[in-house]
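Worksheet for the structure shown next.
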Amino acid sequence: MASENKKNLAKKTDSQKEDFFQKVFKIVAEIPYGKITTYGEIAQAIGLKSSARMVGWALNSTIGDSSLPCHRVINRNGELTGKRHFRTPTLMREMLENEGIEFIGEAVNLKKHLWKPPID
DNA sequence: CGGGTGACTTTAC
DNA sequence: CGTAAAGCCACCC
């Protein structure tokens with residue numbers, strides 16, 4: 001039966017999927033003050049370099065968790081794509097500006113503040 | 001298993 | 001500048 005197969009595939013290994021979250025959390029938590037990084041860089045550090053989407057998805061679980069600087073994670077263009085998931089759409093930019101992040105229009109100055117996570 | 005969705009990225013027009 | 005499409009992986013139903 002195919003259904004039996006599905007169980008094995010969907011389940012994978014309970015520990016494995018948590019590892020994905022742990023990596024994202026760890027990296028984001030390591031972003032230094034006044035720096036930012038991109039979904040792509042994090043995805044690459046985790047090993048899912050082709051799926052920056054998963055980083056944002058994992059970050060969704062951080063909503064309400066003030067101990068994680070999710071406002072320092074932006075997209076490849078420096079735009080605050082995740083701002084709409086914050087309590088207020090302006091909060092993300094305000095937090096970054098408060099840390100000394102330089103903005104160019106609606107995007108941050110990647111060249112100046114981009115921080116690349118260590119690839120473990 | 002299969003279809004839908006998403007805080008992304010890249011290429012193409 | 002803009003929109004479209006494909007690729008990507010994990011979650012949910």
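Note that these values count all heavy atoms, side chains included, but never hydrogens, waters or copies made by symmetry. These numbers were taken from a predicted model, which means no experiment stands behind them.
Taking every heavy atom of residues 56-64 of chain A and every atom of DNA chain B, pairs under 4.0 Å involve A:Gly56, A:Leu59, A:Asn60, A:Thr62, A:Ile63, by number. Across residues 96-107 of chain A, not one residue has a non-hydrogen atom less than 4.0 Å from an atom of DNA chain B.
Rounded to a whole Å, the CD atom of A:Gln44 is 16 Å from the P atom of C:dC8. Between A:Phe20 atom CZ and B:dG6 atom P the separation is 17 Å, expressed in whole Å.
Residue A:Val108 belongs to a hydrophobic cluster whose other members are A:Ile36, A:Ile74, A:Leu80, A:Phe86, A:Leu91, A:Met92, A:Met95, A:Leu96, A:Ile101, A:Phe103, A:Leu110, A:Leu114, with links defined by side-chain heavy atoms closer than 4.5 Å.
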Between the protein and nucleotides 9-13 of chain B, list the N/O to N/O atom pairs that are separated by less than 3.5 angstrom.
{"from": "B:dT9", "atom 1": "OP1", "to": "A:Arg76", "atom 2": "N", "distance (Å)": "2.9"}
{"from": "B:dT9", "atom 1": "OP2", "to": "A:Arg76", "atom 2": "N", "distance (Å)": "2.8"}

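In this view, A:Glu94 satisfies the salt bridge (charged side-chain N to carboxylate O under 4.0 Å, His left out) rule with no residue, not counting sequence neighbours. Under the side chain to side chain donor-acceptor pair (under 3.5 Å) criterion, A:Ser66 pairs with no residue, sequence neighbours left out. Applying the side chain to side chain donor-acceptor pair (under 3.5 Å) test to A:Asp65 and every residue at least two apart in sequence or in another chain returns A:Ser67. Taking the side chain to side chain donor-acceptor pair (under 3.5 Å) definition, one finds that A:Asn77 meets it with A:Glu79, sequence neighbours left out. The salt bridge (charged side-chain N to carboxylate O under 4.0 Å, His left out) search around A:Glu30 returns none, not counting sequence neighbours. In terms of the side chain to side chain donor-acceptor pair (under 3.5 Å) criterion, residue partners of A:His71 (sequence neighbours excluded) are, by chain and number, A:Glu99. Partners of A:Lys49 under the salt bridge (charged side-chain N to carboxylate O under 4.0 Å, His left out) rule, at least two apart in sequence or in another chain, do not exist in this structure.
C:dC13 and B:dA7 have their C1' atoms separated by 23 Å, with the value rounded to a whole Å.
Out of B:dA7, C:dC8, B:dG6, the shortest distance to the side chain of A:Cys70 is found at B:dA7. Picking from B:dA7, C:dA10, C:dC8 the nucleotide with the shortest atom distance to the side chain of A:Leu48 gives C:dA10.
Atom CD1 of A:Ile27 is separated from atom CD1 of A:Ile46 by 5.0 Å, given to the nearest 0.5 angstrom.
Identified under the ring pair (Phe, Tyr, Trp, His ring centres under 6.0 Å) test for residues 30-58 of chain A, with sequence neighbours left out: A:Phe20-A:Trp57, A:Phe21-A:Trp57.
Looking at every heavy atom in both residues, A:Gly40 comes nearest to A:Ala52 through N-CB, 3.9 Å.
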